[in-house]
Amino acid sequence: YKWMEESMNYKDYLTNLISGLGIEKELIEISVPPKEGMGDYCLPCFKIKVDNLNNPNEKANYILEHLTFDNNIIIDAFVVGPYLNFNINKESLGKIVLEKIENLSDKYGSTNEGIGKSLLIEHTSINPNASPHIGRSRNSIIGDFLVHLYKFNGYEIDREYFVNDIGKQIAMLLIAVKKYSDINRVTFDEMLSLYIKINDEAKEDENIEKEVFKYLNELENGNDIVRNEFKSITDICVEGQKKIFDKMDIHWDTFTHESDFVFGHITKTILDKIAEKGRLKEDENGRLYVDLTGYNIPTKTPVLILTREDKTSLYPLRDIAYTMYKMNKNKDVNLIVLGEDQKVYMEQISAVMDILGYGSPKLISYSFVLLNGDKMATREGKVVLLEDFINATIDKLKNSFSERGTELTNDEYLSLASSCIKYNMLNINRGKNINFNLDDATNFTGNSAIYILYNYVRIKSILNKCDLNKKYDNIILKTKTEEQIIKKLYDFEDTVKETVKTNESVIITKYLNDLCGLFSKYYEETSILKEENSDLKNSRLLLLDSVRIVIENGTNILGIKTVEKL
């Protein structure tokens with residue numbers, strides 16, 4: 001079975017087999033049937049051309065009649081309507097897939113496409129003005145998932161965080177700290193209430209807005225006292241935010257500050273370059289903007305404003321400088337995670353980058369996390385803080401485990417809470433809103449991290465009671481469920497490939513939930529530890545060990561840590 005040992009790709013095998021009948025390979029689309037009982041793979045016969053036949057059913061029967069296949073690979077083929085269906089030889093597959101999983105272990109499923117390559121990803125980059133809320137954490141969790149996904153596939157990862165340390169929000173917070181606290185003693189925990197308070201006041205007092213712009217002007221024009229005050233506030237917030245994300249086991253390699261590009265006069269250089277291209281304009285208010293005429297961007301006017309009236313920089317100008325820095329650092333694989341409301345903005349940034357002769361990062365967008373159907377907003381105080389949500393999840397878990405008569409350590413509860421939150425966030429397509437449900441996230445029987453980890457612990461418990469004989473030349477499959485598990489384990493490689501192609505985490509969560517569902521069914525209906533036939537018992541233990549490895553690899557991709565007890 002050399003072809004299986006090397007690629008284990010049934011789709012390619014069937015495509016080559018069918019094309020050998022003179023059928024155009026480009027029209028052969030081998031797929032997985034949507035329902036059980038329709039075979040492991042199928043060939044839709046609508047598009048393919050077979051002699052003078054037009055009816056898909058007749059074409060399927062013609063191919064079946066003329067096709068010859070190896071019964072060690074394909075057991076049988078049959079026609080259902082316009083489809084030609086195939087069943088693979090699970091026992092032959094079992095001997096190879098279980099040994100391959102054992103040999104590759106924590107690398108099983110990897111495409112290895114990233115070996116020798118590096119990938120830069122920017123994610124989170126929230127304003128350092130308050131404790132992060134649960135809505136913002138979707139960016140961080142998706143970003144962390146992508147880090148683990150691409151690392152699993154061989155890439156060297158650079159995790160980037162862009163710190164907005166000189167923006168309007170920091171100026172607002174500085175005013176609040178000076179007015180209601182002490183810049184030398186203010187704590188991170190005070191920041192959110194101070195920020196909300198000054199925002200509310202600014203709605204009634206226009207002098208606050210004037211003071212904000214005064215600070216920003218002094219900041220960019222070399223006032224060292226103001227620069228140090230901004231840095232002090234920012235450092236407190238960034239360190240506070242990092243500690244919260246540490247609880248979620250989410251980390252970064254590089255923190256790059258906006259001020260680096262302003263104080264280093266890089267933003268001024270960019271303005272000069274845009275002017276050289278004939279694209280820098282000034283509006284009636286004295287603001288500088290880049291003319292994006294000719295780029296197909298869905299905005300009312302094809303412009304991107306870069307400075308205020310006093311020529312101090314706006315975020316887009318600093319973001320352009322940072323994007324240039326990132327593209328210089330890694331031109332090949334460069335990702336950025338942003339909310340779907342930033343799609344047009346990223347098109348504008350990409351257009352400016354094109355004007356400057358640069359490429360742009362690939363945007364990974366996502367929809368919102370809703371609070372009772374409403375989008376969260378930090379400045380309005382309509383938030384559930386991530387730290388509070390972590391604590392609420394821990395409390396929920398403690399109650400559940402107490403009812404079961406089980407106790408975990410505080411670190412174990414924290415790790416489990418992080419896994420519950422991550423899985424629930426990643427178990428929904430990026431393009432869909434999330435109405436977060438704590439009960440669903442901590443459900444032992446549903447599609448949740450707890451369910452996945454609970455089945456993993458059960459497998460480990462069985463394996464710890466036995467000695468495995470890791471010989472794969474006598475694999476015995478007796479039940480339909482065993483065959484389904486073998487096929488599911490084989491499918492993990494394609495699952496990872498599809499996940500890399502789409503960057504959709506839900507492909508992995510669905511796979512893990514399905515795999516654990518098959519194991520749970522198998523556990524209930526099959527004798528494992530009490531099986532008297534030693535070869536059959538060992539086959540079943542080897543099957544469980546492969547399930548264990550694949551669960552570990554899948555949860556690793558999600559950024560979820562396995563546990564030893566539940």
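Predicted, not measured: the structure shown is a model, and the values here were computed from it.
With 3.5 Å as the limit, one finds a donor-acceptor pair spanning the side chains of Ser125 and Glu122. No hydrogens or angles considered: nothing links the side chains of Thr562 and Thr555 as a donor-acceptor pair under 3.5 Å. There is no side-chain donor-acceptor pair under 3.5 Å between Glu498 and Tyr511. No hydrogens or angles considered: nothing links the side chains of Asn443 and Ser448 as a donor-acceptor pair under 3.5 Å. Tyr366 and Asn433 are not linked by any side-chain donor-acceptor pair at a separation below 3.5 angstrom, with hydrogens and angles left out of the test. Judged by distance alone, the side chains of Ser367 and Arg138 never bring a donor and an acceptor atom under 3.5 Å apart. Using modelled atom types and a 3.5 Å distance limit, the side chains of Asn538 and Asn469 yield no donor-acceptor pair. Defined by atom type and a distance below 3.5 Å, a donor-acceptor pair is present between the side-chain atoms of Ser118 and Asn330. Between the side chains of Asn556 and Lys151, no donor-acceptor pair of N or O atoms lies under 3.5 Å. In this structure, a donor-acceptor pair under 3.5 Å is absent between the side chains of Asp411 and Thr409. No side-chain donor-acceptor contact under 3.5 Å links Glu102 and Ser546. With no hydrogens or angles considered, no side-chain donor-acceptor pair links Gln484 and Tyr522 at under 3.5 Å. For Tyr523 and Asn455, the side-chain atoms include no donor-acceptor pair closer than 3.5 Å.
Put simply, the side chain of Ile551 reaches to within 4.5 Å of the side chain of Val547, judged on heavy atoms. Residues Leu558 and Asp144 fail the side-chain proximity criterion, which asks for heavy atoms closer than 4.5 Å. Residues Val50 and Glu58 have side chains not in contact (no heavy-atom distance under 4.5 Å, counting atoms from C-beta outward). Put simply, the side chain of Tyr10 does not reach to within 4.5 Å of the side chain of Ile30, judged on heavy atoms. Annotation: side chain of Ile101 is not in contact with side chain of Tyr472 (no heavy-atom distance under 4.5 Å). Between Glu552 and Tyr456, the closest side-chain pair of non-hydrogen atoms falls below 4.5 Å. Two residues are said to be in side-chain contact when any heavy atoms from C-beta on lie closer than 4.5 Å; Lys530 and Lys537 fail this criterion.
If you take CD1 on Ile364 and CD on Glu504, they are separated by 9.0 Å, rounding to the nearest 0.5 Å. In this structure, the separation between OG1 on Thr442 and CG on Leu416 is 9.5 Å, given to the nearest 0.5 Å. In this structure, Asp545 CG and Cys466 SG are separated by 11.0 Å, a value rounded to the nearest 0.5 Å. Remark: Cys45 SG to Ile23 CD1 distance equals 7.5 Å, nearest 0.5 Å. Distance NE2/His66 to CG/Asn61: 11.5 Å, rounded to 0.5 Å. Residue Asn89 holds its CG atom at 11.0 Å from CD1 of Ile486, rounded to the nearest 0.5 Å.
When atom types are taken as modelled, the side chain of Asp40 and the backbone of Ile88 share a donor-acceptor pair closer than 3.5 angstrom. Under the 3.5 Å distance criterion, the side-chain polar atoms of Thr509 are matched with a main-chain donor or acceptor of Val506.
Under a cut-off of 6.0 angstrom, the local environment of CZ in Phe69 is crowded, with over 12 non-hydrogen atoms contributed by other residues, nucleotides or ligands. Within 6.0 Å of the CD atom in Glu340, the count of heavy atoms belonging to other residues, nucleotides or ligands exceeds 12. Within a 6.0 Å radius of CD in Glu525, more than 12 heavy atoms belonging to other residues, nucleotides or ligands are found.
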Could you go through Lys100 and Glu493, starting from their C-alpha distance and side-chain angles, then the distance that decides it, and tell me whether this counts as salt bridge (charged side-chain N to carboxylate O under 4.0 Å, His left out)?
CA-CA 11 Å; Lys100 183 173 184 180; Glu493 291 185 314; 3.1 Å; yes
Could you go step by step and tell me if Tyr423 and Asn447 meet the side chain to side chain donor-acceptor pair (under 3.5 Å) rule?
CA-CA 9 Å; Tyr423 188 95; Asn447 188 356; 2.5 Å; yes
Carefully, step by step, assess Thr254 and Arg159 under the rule side chain to side chain contact (heavy atoms under 4.5 Å, CB included).
CA-CA 6 Å; Thr254 307; Arg159 301 166 291 185; over 6 Å; no
Test log, rule salt bridge (charged side-chain N to carboxylate O under 4.0 Å, His left out), inputs Lys487 and Glu483:
CA-CA 6 Å; Lys487 176 63 167 54; Glu483 292 183 352; over 6 Å; no
Yes or no on ring-ring contact (aromatic ring centres under 6.0 Å, His included) for Tyr108 and Phe152, after CA distance, side-chain angles and deciding distance?
CA-CA 9 Å; Tyr108 177 71; Phe152 179 72; 8.9 Å; no
Apply side chain to side chain donor-acceptor pair (under 3.5 Å) to the pair Ser520 and Arg458, showing each step before the final yes or no.
CA-CA 9 Å; Ser520 184; Arg458 284 204 295 185; 3.3 Å; yes
Test ring-ring contact (aromatic ring centres under 6.0 Å, His included) applied to Phe162 and Phe255, step by step:
CA-CA 6 Å; Phe162 191 34; Phe255 286 80; over 10 Å; no
Should Phe245 and Thr124 be marked as a side chain to side chain contact (heavy atoms under 4.5 Å, CB included) after you check the CA-CA gap, both sets of side-chain angles, and the distance that decides it?
CA-CA 10 Å; Phe245 284 116; Thr124 306; 4.0 Å; yes
What's the verdict on side chain to side chain donor-acceptor pair (under 3.5 Å) for Asn16 and Lys25, showing C-alpha distance, side-chain angles and the deciding distance?
CA-CA 8 Å; Asn16 291 333; Lys25 185 176 284 190; 3.0 Å; yes
Determine, step by step, whether Lys117 and Asp332 satisfy the salt bridge (charged side-chain N to carboxylate O under 4.0 Å, His left out) criterion, reporting the C-alpha distance in whole Å, the side-chain angles of both residues, the deciding distance to 0.1 Å, and the verdict.
CA-CA 9 Å; Lys117 301 176 185 177; Asp332 298 324; over 6 Å; no
Asp473 and Lys95: salt bridge (charged side-chain N to carboxylate O under 4.0 Å, His left out), yes or no, with the steps?
CA-CA 6 Å; Asp473 54 354; Lys95 292 174 183 178; over 6 Å; no
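In terms of heavy-atom proximity, Ser419 sits nearest to Ile560 at OG-CG2, 3.3 Å. The minimum heavy-atom distance between Leu119 and Val333, with the atom names listed, is CD1-CG1, 3.0 Å. Ile485 and Leu543 make their closest contact through CG2-CD1, 3.7 Å (heavy atoms, listed as atom of the first residue, atom of the second, distance). Smallest separation of non-hydrogen atoms from Ala77 and Phe86: CB-CD2, 3.7 Å.
With salt bridges taken as basic N to acidic carboxylate O contacts below 4.0 Å, one links Asp249 and Lys561. Under the 4.0 Å criterion applied to side-chain N and carboxylate O atoms, Lys90 and Glu482 are not assigned as salt-bridge partners. Between Asp246 and Lys242, no side-chain nitrogen of the basic residue sits less than 4.0 Å from a carboxylate oxygen of the acidic one, so the salt-bridge criterion is not met. For Glu29 and Lys47, the salt-bridge test passes: some basic side-chain N is under 4.0 Å from an acidic carboxylate O.
Cation-pi geometry between Lys398 and Tyr413 is met: the NZ or CZ atom falls under 6.0 Å from the ring centre, inside 45° of the normal.
Classified by interplanar angle (parallel below 30°, tilted 30° to 60°, perpendicular above 60°), the ring pair Trp252/His123 is tilted.
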